[in-house]
Amino acid sequence: MRYHQAVVVGGGLAGLRAAVALNQRNIKVAVISKVHPIRSHSNSAQGGINAPLGNHPRGCVDSPERHAFDTIKGSDYLADQDAVMRLTKDAAKRIIELEHWGCPFSRTIDGKIAQRPFGGAGFPRTCYAADRTGKYILHTLWEQIIKYIHSSERENMTVYDEWFVTSIVVKDGVCHGVIAMDLDTGELEEFKADAVIFATGGSGRVYKNTTNSLISTGLGVAIPFREGIPLKDMEFIQFHPTTLYGNNILMTEGCRGEGGYLLNNKGERFLANYDDSRKAMEVAPRDIIARNMMREILAGRGFEDAYLHLDLRHLGAEKINTRLPGIRELAINFVNVDPIDEPIPVQPGMHYTMGGIDTNINCETIVKGFYAAGECACVSVHGANRLGGNSLLETVVFGTIAGESAADYILEESPSSSEAALKEKLGQQKIVLMNYLDHNGEENHAKIKEELGTVMKDKVGIFRKKEKMEEALEEVRKLKERYKDIKIIDKGKRMNFDLIWAMELGGNLEVAEVITMGALKREESRGSHYRLDFPERDDKNWLKHTVAFSTPEGVKLEYKDVTLGFYEPRERKY
Amino acid sequence: MEKVIFKVFRFNPERDKKPRFDKYEVPIRNGMTVLDALYYIQGYLDGSLAFRSSCREGVCGSCGMHINGKYRLACETQINRLKSKKITIKPLGHLPVIKDLVVDMTDFWEKYSYIKPYLIAGAPPEENERIQTQDDRNKLDGLIDCILCACCYAACTITDTEKNYLGPAALLKVDRFVEDSRDNNKKERLLTVSGDSGIFRCHTLFNCQEVCPKNLDPTGAIARLKRMAISNTLCFWEK
Ligand SMILES: Cc1cc2nc3c(=O)[nH]c(=O)nc-3n(C[C@H](O)[C@H](O)[C@H](O)COP(=O)(O)OP(=O)(O)OC[C@H]3O[C@@H](n4cnc5c(N)ncnc54)[C@H](O)[C@@H]3O)c2cc1C
Ligand code: FES
């Protein structure tokens with residue numbers, strides 16, 4: 001049995017930042033990640049990370065309060081306001097710290113961290129490192145981890161890469177550790193820990209048309225859900241306006257922040273034709289633009305009835321090459337379009353999971369010693385719609401807070417985890433694993449995954465309606481039944497991806513059911529959740545969080561109040 | 001639908017005595033990448049095939065492999081562009097195979113870690129960022145863009161024969177810090193790479209530069225480090 005005082009599951013930004021925070025408090029920490037940390041999804045973040053630094057001439061009067069206001073308004077007032085205040089209060093500190101650690105941010109003329117405008121923000125507030133911000137921050141944090149490993153004399157920091165967590169161990173309301181599989185050997189092992197932090201990222205791959213990495217499956221939220229920890233606001237799924245037609249690779253909001261246009265098949269900047277985007281045009285919030293794009297396509301003003309144009313040509317070669325080099329590379333490599341010469345074919349695509357593991361402002365859950373941070377968690381700072389650049393910020397702010405909360409708990413309460421509970425869970429998990437390997441059914445799990453993604457895309461997408469969602473729920477449940485009859489071809493132990501993808505799919509299916517149930521029940525439109533049959537926001541009945549529990553009788557939904565206190569809910573106008 | 005034959009390297013040391021190539025026929029659509037094809041094979045033809053992937057957009061560095069004669073990223077390689085009805089895929093070279101296209105990267109990561117790949121600088125200003133001019137920041141372009149896919153490491157002839165040679169990716173990383181106006185450990189860094197396993201092992205064969213999927217220039221970085229190391233030693237003698 002392995003023992004570390006704290007185990008962090010996830011090697012993305014939130015996980016690595018939490019590990020650094022724990023290490024700074026001299027806690028012996030292990031980071032477990034199913035891919036090498038440097039391969040995590042955080043890599044893909046392009047546009048930037050928000051903080052009211054005031055480095056842009058137009059942003060000199062920016063402040064944490066204004067940042068908080070924009071975030072709350074952007075969330076369509078579903079965010080918990082105390083959590084948002086914390087997010088924006090810590091923002092500058094966390095970003096300055098990344099700079100001190102070597103993150104190669106782009107610079108202003110006077111050598112400060114450069115900032116660009118992003119949707120829904122009153123000022124240019126998004127700090128950027130060209131259009132590869134996530135990658136540069138992830139590499140910087142990984143460099144810090146190596147530094148800690150070099151300097152730790154007492155094996156304070158251990159990284160288990162390509163270890164796949166299959167379960168957490170909860171007994172009597174306390175977390176005792178996790179069970180994980182070494183992908184090299186296929187063996188399961190117990191990790192005893194006084195505190196466990198989940199930083200497992202988003203659930204994008206529940207949808208077929210997603211910008212997310214292939215590994216962002218949602219299993220990371222399904223694991224604690226199975227142990228009784230609730231999921232919050234899962235029906236809020238962000239669709240990003242500009243993803244490449246065909247494969248949904250992201251074209252950052254920075255393209256529009258830098259001045260790019262969205263055009264229909266008549267060459268018009270059609271956002272001017274809609275009330276809610278007329279003023280802000282291309283930098284209106286994502287939910288609004290994504291809906292108006294779909295309306296254009298449905299009205300026959302798209303190309304091939306499927307996509308629109310993102311035009312950067314007027315920005316000129318130099319600006320494209322210095323501010324958006326990654327975008328140019330992606331467009332050339334994946335759709336054979338050079339944005340210097342041609343408009344980019346784009347369509348809205350699933351982008352971000354606002355909901356997640358239900359935590360409070362200290363990243364605590366209902367299980368003692370179990371914490372969550374980053375995209376897998378729902379604090380909630382994004383409410384019904386996340387503003388671009390706020391999610392990277394959430395990973396570093398709440399990654400730090402999760403690490404500090406766990407450190408406080410370990411140092412103040414000296415918890416002692418139960419080896420018996422771990423052994424028992426290991427036994428159960430070994431049986432689960434054996435059952436998987438014995439699966440010789442008729443169904444192909446790759447096909448089920450494909451079908452699930454299509455159902456979610458078509459019926460629980462940007463525009464939602466009761467009948468369609470009822471169909472979706474029924475279909476998801478049928479797929480869950482069919483999942484019981486899958487076939488695993490590879491019976492080996494080492495690097496068994498047949499098995500891994502099958503286990504991941506189990507998570508996909510559970511998450512899909514929770515998303516659909518929450519969306520069906522919520523009879524209003526708020527932020528990213530848009531009901532054709534209930535097009536208005538309804539604060540009287542629905543200014544509340546959805547909280548989903550897994551029970552022996554199936555998924556149960558409850559509701560809880562939103563924390564207000566700073567800004568009264570108002571109509572959300574841009 | 002058009003079909004392409006994939007010849008894929010297979011080896012599971014757990015039970016195979018020696019490697020083999022398996023052939024798969026894959027239906028191709030426009031824009032399909034080699035990674036899409038591997039997923040098609042794994043999902044619909046042979047679930048036992050092992051390969052790494054994550055971002056599917058050329059930023060995470062998971063999917064470097066040998067595709068029709070060259071190291072490339074599977075996710076970034078469109079099948080049409082290979083202009084071939086037969087595609088042969090092998091794992092990254094110079095690293096032991098764990099299974100099929102998955103190699104053991106331990107040596108690669110250890111060498112990366114050995115060069116102290118983190119900023120070493122004096123105390124920063126307390127509340128603000130360090131100031132870096134745009135020109136100084138521009139010097140880092142191309143040096144910070146490495147995704148650690150190890151294509152260069154596999155293509156380099158020296159990493160094959162000299163087990164301790166640090167290799168292009170790690171050396172590029174050294175240059176990244178040497179060029180950073182915020183780092184003040186330049187001498188130490190040059191000393192580290194001037195030893196037996198460092199820059200002077202490079203024969204300037206340009207293999208790394210040729211294969212780099214991100215069009216980076218490790219050969220150039222190594223040459224720059226050599227020049228700096230030499231003038232550094234000269235300064236040392238003069239003193
Ligand atoms: C294309 C794209 C661009 C984006 N651009 C921006 C942007 O410009 N600005 C912004 O603010 N946000 C952006 N976002 C959102 C942002 O990138 C993510 O929300 C953020 O990176 C999530 O980080 P994380 O640390 O929570 O999770 P991730 O980076 O997803 O990391 C999850 C980690 O958990 C591990 N893991 C998961 N499950 C298991 C398991 N069972 N066992 C072991 N390990 C496991 C994985 O290996 C991984 O290391 C973007 C998102 C996308 C898709
Ligand atoms: S999968 Fe990330 S580089 Fe290919």
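Chain naming here is simple, since letters A, B, ... match the order of the sequence lines and numbering starts at 1 in each.
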> Hey, mind stepping through B:R81 and A:N333 against side chain to side chain contact (heavy atoms under 4.5 Å, CB included) and telling me if it holds?
Replying inline: CA-CA 10 Å; B:R81 288 194 190 167; A:N333 284 340; 4.1 Å; yes

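- Remark: B:K116 NZ to A:E143 CD distance equals 14.5 Å, nearest 0.5 Å.
- Contacts of B:L73 with chain A are absent, with no heavy-atom separation under 4.5 Å from either backbone or side chain.
- Counting heavy atoms from C-beta on, the side chains of B:D145 and A:Y136 come closer than 4.5 Å.
- Note on ring orientation: taking the six-membered ring where Trp is involved, the planes of B:W109 and A:H36 are parallel (angle under 30°, cut-offs 30° and 60°).
- The side-chain heavy atoms of A:M495 and B:E14, taken from C-beta on, include no pair separated by under 4.5 Å.
- Ranked by heavy-atom pairs under 4.5 Å with chain B, the list A:E450, A:E162, A:K449 is led by A:E162.
- For the residue pair B:V59 and A:S44, the shortest heavy atom distance occurs at CG2-OG, 3.9 Å.
- Across A:H100 and B:R130, no two heavy atoms sit closer than the pair O-NH1, 3.1 Å.
- Most heavy-atom pairs under 4.5 Å with chain B: of the set A:A130, A:P325, A:C103, this distinction falls to A:C103.
- Contact of the B:K214 side chain with the A:E329 side chain is registered, since non-hydrogen atoms from C-beta on lie closer than 4.5 Å.
- A distance-only check finds no donor-acceptor pair linking the side chain of A:K447 to the backbone of B:G43 [under 3.5 Å].
- Contact annotation: the side chain of A:V35 never approaches that of B:S62 to less than 4.5 Å [non-hydrogen atoms, C-beta and beyond].
- Between chain A and the options B:N215, B:V102, B:D136, B:L148, heavy-atom pairs under 4.5 Å are most frequent for B:L148.
- Among B:I144, B:N138, B:T133, B:N12, the residue with the largest count of heavy-atom pairs under 4.5 Å with chain A is B:I144.
- With a 4.5 Å cut-off on non-hydrogen atoms, A:I109 touches chain B through its backbone and its side chain both.
- Distance CG/A:L214 to SG/B:C75: 8.5 Å, rounded to 0.5 Å.
- The shortest non-hydrogen separation linking B:C55 to A:S213 is CA-OG, 3.6 Å.
- Heavy-atom distances place the side chain of A:N55, and not its backbone, under 4.5 Å from chain B.
- Interface summary for chain A: among B:Q42, B:R29, B:R56, B:Q134, the most heavy-atom pairs under 4.5 angstrom belong to B:R56.
- Note that the CG atom of A:N336 and the CG atom of B:N30 stand 7.5 Å from one another [nearest 0.5 Å].
- Comparing B:G61, B:P13, B:G58 by how many heavy-atom pairs each has under 4.5 Å with chain A, the most go to B:G61.
- Using bins of under 30°, 30° to 60° and over 60° for the plane-to-plane angle, the ring pair A:F497/B:F51 lands in the parallel bin.
- For the atom pair A:I332 CD1 and B:E76 CD, the distance stands at 11.0 Å (nearest 0.5 Å).
- At a threshold of 4.5 Å between non-hydrogen side-chain atoms, the residues B:R52 and A:R39 do not count as touching.
- Each of B:A50, B:G31, B:C60 has some count of heavy-atom pairs under 4.5 Å with chain A, and the biggest count is that of B:C60.
- The parts of A:K112 that come within reach of chain B are both its backbone and its side chain, each placing non-hydrogen atoms under 4.5 angstrom from that chain.
- Of all heavy-atom pairs between B:I131 and A:D110, the closest is CG2-O, 3.7 Å.
- Rounded to the nearest 0.5 Å, atoms CZ (A:R494) and CZ (B:R15) are 10.5 Å apart.
- Interface check for chain B: of the options A:G326, A:A446, A:G492, the most heavy-atom pairs under 4.5 Å are formed by A:A446.
- Scored by the side chain to side chain contact (heavy atoms under 4.5 Å, CB included) test, B:D183 finds B:L119, B:I120, B:F177, B:D180, B:N185, B:R189 as partners (sequence neighbours excluded).
- Looking only at heavy-atom pairs under 4.5 Å with chain B, the residue among A:H139, A:H41, A:K491 that has the most is A:H139.
- Minimum heavy-atom separation, A:D490 to B:K99: OD2-NZ, 2.8 Å.
- The OG atom of B:S48 lies 7.5 Å from the CD1 atom of A:I489; values are rounded to the nearest 0.5 Å.
- Side chains of A:H150 and B:Y118 form a contact here, defined as non-hydrogen atoms less than 4.5 Å apart.
- Around the OH atom of B:Y114, the shell of radius 6.0 Å holds no more than 12 heavy atoms that belong to other residues, nucleotides or ligands.
- Within the 4.5 angstrom heavy-atom criterion, only side-chain atoms of B:T33, from C-beta onward, approach chain A.
- For A:S106, the parts lying near chain B are the backbone and the side chain together; criterion is any non-hydrogen pair under 4.5 Å.
- Ranked by heavy-atom pairs shorter than 4.5 Å toward chain B, the options A:E97, A:K135, A:K487 are led by A:K135.
- Checked by atom type and distance alone, the side chain of B:E57 never pairs as donor or acceptor with a backbone atom of A:I249 at under 3.5 Å.
- Heavy-atom distances place the side chain of A:L330, and not its backbone, under 4.5 Å from chain B.
- Heavy-atom distances place no part of A:K93 under 4.5 Å from chain B, backbone and side chain included.
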